[in-house]
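Numbered from 1 within each chain, the chains take letters A, B, ... in sequence-line order.
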Number of protein chains: 2
Amino acid sequence: MINERNLKDLLYQEFARVGKSLSSPKRLEILDLLSYGPKSVETIAKTTAMSVANVSQHLQTLANSKMVKSKKQGNYVIYELADEEISTFLESLHSLAEKQLVQVQQIKREFLNEQFGIEGVSLPELKKRMERGEVMLLDVRPKEEYDEAHIPGAVSLPIEELREKLASLPTNCDVVAYCRGTYCLMSVEAVELLQARGVKAFRLEKDVRDWMEFEKKGIK
Amino acid sequence: MINERNLKDLLYQEFARVGKSLSSPKRLEILDLLSYGPKSVETIAKTTAMSVANVSQHLQTLANSKMVKSKKQGNYVIYELADEEISTFLESLHSLAEKQLVQVQQIKREFLNEQFGIEGVSLPELKKRMERGEVMLLDVRPKEEYDEAHIPGAVSLPIEELREKLASLPTNCDVVAYCRGTYCLMSVEAVELLQARGVKAFRLEKDVRDWMEFEKKGIK
DNA sequence: CATCTATTCAAGAGTTTTATTGAATACTTA
DNA sequence: TAAGTATTCAATAAAACTCTTGAATAGATG
């Protein structure tokens with residue numbers, strides 16, 4: 001008879017390939033970034049502050065366990081998540097970590113609440129205010145990510161642009177800024193800049209995918 | 001201003017703790033086993049064919065990332081999953097791996113379908129047949145796991161016992177056997193034994209948790 | 001109190017990861 | 001075709017991980 005141990009060993013070794021993809025902080029960061037849309041190796045390297053060679057190596061590990069796939073586009077190799085399910089899976093990993101690890105809660109509190117006294121807005125609240133035309137919604141991520149997907153009604157104004165054009169922006173309109181979710185600080189900076197100019201600005205902790213989730217529930 | 005890199009580095013390091021838990025085949029096997037109920041270190045070591053010291057070490061890694069928790073009971077230390085959500089999460093890891101990795105599909109096919117020409121039964125089918133009193137449902141896992149949770153109407157007959165008492169079992173009744181799901185071979189062996197005695201026996205690929213999931217959907 | 005037992009600890013060897021560096025490759029574009 | 005650019009490859013050093021072995025510990029039981 002076939003050895004049960006044999007099956008188990010083979011099987012869990014395979015399962016662990018997925019686990020190994022998630023066992024390196026850097027790889028997790030890459031995966032998270034890719035969940036906001038396809039990116040070139042160079043772009044990933046720049047936004048994650050890693051060397052290109054290192055990113056390339058990690059991407060190959062990820063491709064090996066079928067977490068990402070790539071295609072050549074012009075001079076660039078564009079990587080993206082191999083499957084939508086992976087994005088969902090990453091989210092559940094985050095929520096699990098947030099629930100189980102006190103450390104994460106602490107980091108979150110320290111960096112997001114205490115350090116920046118920035119008022120947050122909830123999704124239903126945002127929707128209401130937008131319908132009434134009370135606020136302008138700002139997507140401060142890079143333009144490409146906005147093009148990939150954005151919250152309906154949002155205006156694209158990447159954080160770099162915001163920094164430059166700050167002086168020429170109107171100040172008479174309330175603003176809500178969002179970026180790549182809770183752990184991304186671009187919207188935090190945006191709100192700080194705007195507030196310093198006297199604009200009533202708020203941060204949306206949620207991101208595009210949260211919005212899509214939210215709308216799906218509403219429609220159901 | 002606070003370094004965004006700083007936040008990211010800290011954060012993903014924490015997230016990766018969960019990933020690291022899942023990056024070792026042995027740890028995954030332990031987690032899976034624990035998803036069927038609390039177990040002592042010794043029991044885990046025996047069923048996974050690992051040394052006690054090694055299991056203890058892995059369990060400590062897992063406890064460190066808050067995947068499992070332990071309590072002292074008599075002479076034993078009993079470990080269990082720290083949270084029900086972890087069980088769900090493990091399942092989604094399995095389904096992801098099964099979907100993405102051709103290897104897993106191959107292993108499954110090789111070990112479960114080709115090698116054993118054993119007819120499987122689906123959950124709705126099982127329910128129908130049980131309601132009509134046409135089949136006996138056998139839970140061939142260790143007694144403790146049956147006590148922890150089992151499919152309603154199932155009879156506990158651990159595989160070892162089945163082996164011993166085989167000769168004294170009735171042969172005039174159709175049987176469906178189940179154990180720890182798709183990748184566990186105890187039910188396969190049970191079916192083989194029973195079939196060799198001339199009993200009409202079938203395998204249920206699903207397990208208790210699948211059943212619970214199934215019932216929940218039905219009730220909704 | 002002494003013994004027994006399940007578990008943990010500690011040290012070490014062997015392997016596997018990870019980031020770095022510099023070169024190689026493959027593809028564009030002028 | 002030649003130059004340029006994005007990515008990958010290859011080699012290496014440092015760090016982390018995994019399993020084993022044998023001893024230590026803590027708690028239960030006689």
Side-chain angles (χ1 to χ4, degrees), chain A residues 5 8-10 12-31 33-34 38-65 67-80 142 144, chain B residues 5 8-10 12-31 33-34 38-65 67-80 142 144:
Chain A
R5 187 95 312 271
K8 294 259 162 104
D9 282 349
L10 281 170
Y12 283 109
Q13 200 178 340
E14 289 303 316
F15 286 160
R17 291 165 74 130
V18 178
K20 286 211 177 89
S21 291
L22 313 172
S23 69
S24 143
K26 301 292 185 188
R27 277 197 294 271
L28 279 177
E29 195 175 350
I30 293 175
L31 285 172
L33 186 57
L34 288 181
K39 304 247 179 327
S40 73
V41 180
E42 203 187 16
T43 308
I44 298 171
K46 210 173 294 166
T47 47
T48 61
M50 304 167 64
S51 79
V52 172
N54 196 16
V55 168
S56 173
Q57 221 166 282
H58 278 303
L59 284 169
Q60 264 152 72
T61 313
L62 290 171
N64 221 288
S65 52
M67 294 289 107
V68 304
K69 59 186 179 188
S70 66
K71 58 181 177 227
K72 190 106 200 198
Q73 203 170 85
N75 226 342
Y76 300 83
V77 177
I78 306 292
Y79 280 86
E80 65 185 317
E144 307 88 60
Chain B
R5 187 95 313 270
K8 294 261 164 100
D9 283 350
L10 281 170
Y12 283 109
Q13 199 178 339
E14 289 303 316
F15 287 159
R17 290 165 74 132
V18 178
K20 286 210 177 92
S21 292
L22 313 172
S23 69
S24 143
K26 301 292 185 188
R27 278 199 292 273
L28 279 178
E29 194 175 349
I30 293 175
L31 285 172
L33 186 56
L34 287 181
K39 304 246 179 329
S40 73
V41 180
E42 204 186 16
T43 308
I44 298 171
K46 209 173 293 165
T47 46
T48 60
M50 304 167 65
S51 79
V52 172
N54 196 15
V55 168
S56 173
Q57 223 165 284
H58 278 304
L59 284 168
Q60 264 153 71
T61 313
L62 290 171
N64 222 288
S65 52
M67 295 289 107
V68 304
K69 59 186 178 187
S70 66
K71 58 181 180 228
K72 190 108 201 197
Q73 205 171 84
N75 225 343
Y76 299 82
V77 177
I78 306 293
Y79 279 86
E80 65 185 316
E144 308 88 58

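In the helix from C/dC1-D/dG30 to C/dA30-D/dT1, the end axes, each obtained as the rotation axis mapping the C1' atoms of four pairs onto the next four within a five-pair block, lie 30° apart to the nearest 10 degrees.
The backbone N or O of A/Ile44 sits less than 3.5 Å from a side-chain atom of A/Thr48, completing a donor-acceptor pair.
The side chain to side chain donor-acceptor pair (under 3.5 Å) test applied to B/Tyr79 returns no partner, not counting sequence neighbours. Every residue two or more places apart in sequence or in another chain was checked for a side chain to side chain donor-acceptor pair (under 3.5 Å) with A/Thr61, and none qualifies. A search for side-chain contact (heavy atoms from CB on, under 4.5 Å) contacts involving B/Asn64 returns B/Arg17, not counting sequence neighbours. Residues meeting the side-chain contact (heavy atoms from CB on, under 4.5 Å) test with B/Ala53, sequence neighbours left out: B/Ser51. Considering only residues two or more places apart in sequence or on other chains, A/Asn75 meets the side-chain contact (heavy atoms from CB on, under 4.5 Å) condition with none of them. Taking B/Glu80 as the reference, B/Pro38, B/Lys69, B/Lys71 meet the side-chain contact (heavy atoms from CB on, under 4.5 Å) condition, with sequence neighbours excluded. With sequence neighbours left out, A/Thr43 forms a side chain to side chain donor-acceptor pair (under 3.5 Å) with A/Ser40. For B/Lys20, there are no side chain to side chain donor-acceptor pair (under 3.5 Å) partners at least two apart in sequence or on another chain.
Not one side-chain nitrogen or oxygen of B/His58 sits closer than 4.0 Å to the OP1 or OP2 atom of D/dC17. Taking 4.0 angstrom as the limit, B/Arg27 places none of its side-chain polar atoms (N or O) nearer than this to OP1 or OP2 of D/dC17.
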Show the distances under 3.5 angstrom between N or O atoms of the protein and N or O atoms of nucleotides 20-29 of chain D.
| residue | atom | partner | partner atom | Å |
| --- | --- | --- | --- | --- |
| D/dT20 | O4 | B/Gln57 | OE1 | 3.3 |

Could you pull out the protein-nucleic contacts involving nucleotides 14-16 of chain C (nitrogen or oxygen on both sides, under 3.5 Å)?
none

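Listed by first and then second residue, the salt bridge (Lys or Arg N to Asp or Glu O under 4.0 Å) pairs involving residues 39-50 of chain A are A/Lys39-A/Glu145 (not counting sequence neighbours).
Within 4.0 Å of A/Thr61, counting heavy atoms only, lies no atom of the nucleic acid at all.
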